[in-house]
Amino acid sequence: MQYWRSISLWMDQLDDDLAPRPALSGSLEVDVAIIGAGYTGLWTAYYLKRQAPELKIAMVEAQFAGFGASGRNGGWLMGNLLGEDRALAPLPAEQRKTSFDLLHGIPDEVAEVLHREGIDCHYRKAGILYCAARYPEQEKRLREQLDGLHAEGLTDADYRWLTPAELNGQLRVANALGGIHTPHCATIQPAKLVRGLARTVERMGVQLFEQSPATHWQPGLVTTAQGQLKAHWVVPAIEGYAASLPPLGRYQLPVQSLLIATEPLSEAQWAEIGLEHGQAFSESSRQVTYGQRTADNRLAFGARGGYRFGGKLREDFQLSEEEIALRRYLLGELFPQLRNVRISHSWGGNLGMARRFRPHMLVDRKSGIALSGGYGGEGVGASNLGGRTLADLILGKESPLTRQPWVLGDGPLNRLSTWEPEPCRWLGYNAIIRSFVHEDRVLANPHSAPWRRAMALKLADLMEGLMR
Ligand SMILES: Cc1cc2nc3c(=O)[nH]c(=O)nc-3n(C[C@H](O)[C@H](O)[C@H](O)COP(=O)(O)OP(=O)(O)OC[C@H]3O[C@@H](n4cnc5c(N)ncnc54)[C@H](O)[C@@H]3O)c2cc1C
């Protein structure tokens, strides 16, 4: 269990002894079999049981509940969905507003469940601060993003520009040029959420088997080394691990995100930094950075990681010196006073990226398969929406949840876009990431010639275009 505790700061902080639940042995007949005990599987089980307590539900988990991204993430519980702008753009304004309201309501919905079920996961809803600080192009990019959001009908109540003075009132980063605040996000302690959910669904009667990797699945059947689940419905909920269980790997690319956390900082240090209400923060770079002030006063800070050839999963998240150094550098640029602070934890995890770079929820009634995923690193809130939506789809309920553009409706799995074969995936993904790192390096250097800045930006724009 010592290894399990070491997978993230969050697991290390738990009082939970992480004693393993029993493994599946023998054959069991259930209504719904769920593969994977992360947020997606657990939220699906939760909302199914809430609406239909008589359902027999069993879950098999390869390691233990929360072993995946759900026990390792940055703890941003966002009221949005990756690619929502593209998904919602074609809708009439009124319908788009309904969809935005649904997304923005995710943190409040989670808060309600936490309250109802007595789960304490350090939930604080103080929104996100997206800041521009390291180079002027960041300000331009953020202002364009804000214009785009407002053009979709969102208002200052959803996304508001902050002058440098206003940003400094909440977060004091070096050389602040301005930023955006959105209230639609809470921060949480991820492992406490996933472990709390696991206990909750068990209390509701869900059978959860740990150390039981599914070795094979097909409609109506999930097989493990020592047992099997026969089920009317199968819900594969393995997100970044899809590559390990055919045929899911065709639809989801496993990419990594990596974090560091400082030792607890003093009150004086926090007085210099801010974030007194637990706001999440990010700096506007295509390296996708994210941070939060933890309940025990550390600064947890992450950035996008790599992709391995052939979709090979990364198992070992002992970060290399280079991986830690990049995160330390980015953190030190924002908070020069933290350049020499001790980093107490570093870790990472696998997440799933869909080929369309948009999440999806779908059901195949004929085969009895329901699936939600492709969150692309923004799955903490999205998985709650996914779980709620899958519950309605499985129960055959038409609801506002099932009428959203990210719900692909009834039909076979192979409607999902597939990733290109190797080496195209590896070359493509790495070219994109390298262009982002290059852009960041050139723009962050005040001595870079204007033509170099323009070239670096153009190249990264072009590469980002490939992701759309
Ligand atoms: C480092 C990191 C930081 C992130 N930060 C954020 C953030 O701040 N905000 C945000 O919104 N999103 C973030 N994400 C993404 C978010 O954490 C995920 O989208 C979300 O947790 C996915 O939940 P899930 O249940 O679908 O998958 P997971 O939590 O990955 O759960 C899948 C489970 O399936 C199990 N499994 C795998 N194979 C099998 C098998 N064969 N049989 C049985 N079980 C199996 C795994 O052990 C795992 O427990 C981050 C992700 C990472 C990795």
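Just follow the structure's listing: the first ligand is 1, and inside any ligand the first atom is 1. Just so it is clear, the structure is predicted and the values come from calculations on it, not from any experiment. Throughout, residue positions are numbered sequentially from 1 according to the sequence presented.
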For ligand 1, note which part of Y290 has a heavy atom under 4.0 Å away: side chain, backbone, both or neither.
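Under 4.0 Å from ligand 1, Y290 contributes side-chain atoms alone.
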Smallest separation among heavy atoms of A58 and F209, with atom names:
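Closest approach of A58 to F209: CB-CE1, 4.2 Å.
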Identify, for [atom], the protein heavy atom at the shortest distance, and state residue, atom and that distance.
atom	answer
atom 1 (C) of ligand 1	S257 O, 3.2 Å
atom 31 (O) of ligand 1	G38 CA, 3.6 Å
atom 8 (O) of ligand 1	W76 N, 3.1 Å

May I ask which of [options] has a heavy atom nearer to [atom] than the others do?
atom	options	result
atom 53 (C) of ligand 1	G373, G377, G349, S212	G349
atom 52 (C) of ligand 1	L81, T215, V380, L351	L351
atom 49 (O) of ligand 1	E61, R72, M78	E61

Just checking, any donor-acceptor pair under 3.5 angstrom between side chains of [X] and [Y]?
X	Y	value
Q228	T223	no
Q269	N297	no
Q145	Y159	no
Y47	D392	no

Is [X] close to ligand 1, meaning an N/O of one under 3.5 Å from an N/O of the other?
X	result
Y241	no
G379	yes
A37	no
S383	no
G74	yes

At a 4.0 Å threshold, what atoms of ligand 1 neighbour a non-hydrogen atom of [X]?
X	answer
A62	36 (N), 39 (C), 43 (C), 44 (N), 45 (C)
E378	10 (C), 11 (O), 12 (N)
L259	1 (C)
Y375	19 (O), 26 (O)
Y39	21 (O), 25 (O)

Can you confirm if the NZ or CZ of R72 lies within 45° of the ring axis of F67 and under 6.0 Å from the centre of its six-membered ring?
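Geometry flag: set, cation within 6.0 Å and 45°.
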